[in-house]
Amino acid sequence: MVTFPEKGMSEEEVLDELEKRLSEDLTFDSGKILGSMCTYPHPLAQKIISLYMDRNLGDPGLHVGSRKIEEEAVQMLGNLLHLNKAYGNIVSGGTEANILAVRAFRNIADIENPELILPESAHFSFLKASEMLKVKLVWAELNKDYSVNVRDIESKITDNTIGIVGIAGTTGLGVVDDIPALSDLAQDYGLPLHVDAAFGGFVIPFAKALGYDLPDFDFKLKGVQSVTIDPHKMGMVPIPAGGIIFRKKRFIDAISIPAPYLAGGKVFQATITGTRPGANALAVWALLKHLGFEGYKRIVKEAMELSRWFAGQIRTLKGAYLIREPMLNIVSFGTKELEKVEKELKRRGWGISAHRGYIRIVMMPHVKKEHLEEFLKDLKEILKAV
Ligand code: 0PR
């Protein structure tokens, strides 16, 4: 039984115990974490968190400066996504961002049996949204290339449809759906389109600038009404830092709850969380300012090149095969005897994720070629033995 401590331990003892206990954790600098969408945060962001960890964006009347900085971070993200004026918040992650988009669509539609149409490849955060908001999920089929089948989406539109979801960087394969076609469809039917670019939002703009051929996915497309874009994934900001960006004020109005007694007077909260970290929003602002478009482009260049190299290596392996050509910096592959291979890779200390019948490798900034070479050596050995 774990009991509430009667007497306190010294600071040193506590830190010692933590250090010992956390030796079980895999760390990003070990080079062993290959399947995560998070990474070691940028040193500047770490500094900012430790300086400003007392700031609470739930009470913006107290932390007026922090609130203004959050607002600027939202505007910068909006601008990256081709919006002149953005509405939104820095939130706890992609899950909260997706829930907020569904909530806005549902509240605006205001119908009895709301339905949301989304790709079979959508992240499980929409299951949470569905359960909490009582919105029925209508799943749309995927094409052979694992992008969503736009015609199948169209065939599923009914009077109960409150909106459509497209994904720019799917969780498993990093596939970018045909967002331009989804945007046209949404406009034709007068429906809002939400783009889940939790992962891709910090990759696609920079990859496009580097010359990679990727579809438009953001507010450039008139049907897109909201975008999830997570700084705590490829943005290199510490957890928690997600982003929800809306095209129009009416979406944020639809999810705003008054908190009139707070220091700021006329305060509204359009987030799920009440008390929420200001420091992470400040870190988003700081990293966007510090790295700039050029800085993120450099990070994405390395990640994209590494992905192409790794995909080429997998192609030459006997007993392994690519699920599809990578679009972003995610490479997923299947193997013979997948379960055994996965188990053995994990036993050898590799932090990988395997689901839906394949192993997913995410070329996050902490993943270097030498780590992948080690991984491939192990993989080859294992494939020979099974
Ligand atoms: N949308 C997409 C497309 C995602 O891939 C994810 C998370 C989310 C939304 C939800 O974001 P939050 O987890 O920030 O709420 N995708 C990762 C995944 O499920 C999350 C993750 C991150 C998992 C790091 C493991 C890990 O080590 O794979």
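Read the numbers this way: they start at 1 and go in the same order the structure lists the ligands and their atoms.
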> For ligand 1, which part of Asp196 has a heavy atom less than 4.0 Å away: the side chain, the backbone, both, or neither?
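The side chain, only.
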> Can you check whether a protein heavy atom sits less than 4.0 angstrom from atom 25 (C) of ligand 1?
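Under 4.0 Å from atom 25 (C) of ligand 1, zero protein heavy atoms found.
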> Using a 4.0 Å heavy-atom cut-off, say whether Ser36 meets ligand 1 through its side chain, its backbone, both or neither.
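Under 4.0 Å from ligand 1, Ser36 contributes backbone and side-chain atoms.
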> Among all protein non-hydrogen atoms, which one is nearest to atom 5 (O) of ligand 1, and what is the separation to 0.1 Å?
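Here the nearest protein heavy atom works out to Thr171 OG1, 2.8 Å.
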> Hey, are Thr228 and Asn98 close enough side-chain-wise for a donor-acceptor pair under 3.5 Å?
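Judged by distance alone, the side chains do pair up.
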> Parallel, tilted or perpendicular: which describes the rings of Phe375 and Trp350, with under 30° parallel and over 60° perpendicular?
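Correct class here is perpendicular.
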> Can you pull out the closest protein heavy atom to atom 10 (C) of ligand 1? Residue, atom name and distance to 0.1 Å, please.
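Checked against all protein heavy atoms, atom 10 (C) of ligand 1 sits closest to His123 CE1, 3.3 Å.
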> Would you indicate whether the side-chain heavy atoms of Asp29 and His366 approach each other to under 4.5 Å?
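Contact flag for His366/Asp29 side chains = no.
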> Examine ligand 1 and decide if any of its atoms is less than 4.0 Å from a heavy atom belonging to Gly242.
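False for this residue.
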> Suppose we measure from atom 15 (O) of ligand 1 to each protein heavy atom; which comes out shortest, and what is that distance?
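Answer for atom 15 (O) of ligand 1: Thr95 OG1, 2.5 Å.
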> Below 4.0 Å, non-hydrogen atoms only: which portion of Thr228 touches ligand 1? Side chain, backbone, both or neither.
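The answer is neither.
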> With a cut-off of under 6.0 Å to the ring centre and 45° to the axis, is Lys85 in cation-pi contact with Tyr87?
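Yes, Lys85 lies over the aromatic ring of Tyr87.
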> Name the option, out of Arg360, Glu96, Met364, Lys128, that contains the heavy atom nearest to atom 23 (C) of ligand 1.
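Heavy atom nearest to atom 23 (C) of ligand 1 belongs to Arg360.
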> Asn98 heavy atoms, cut-off 4.0 Å: which ligand 1 atoms fall inside?
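That gives atoms 1 (N), 9 (C) of ligand 1.
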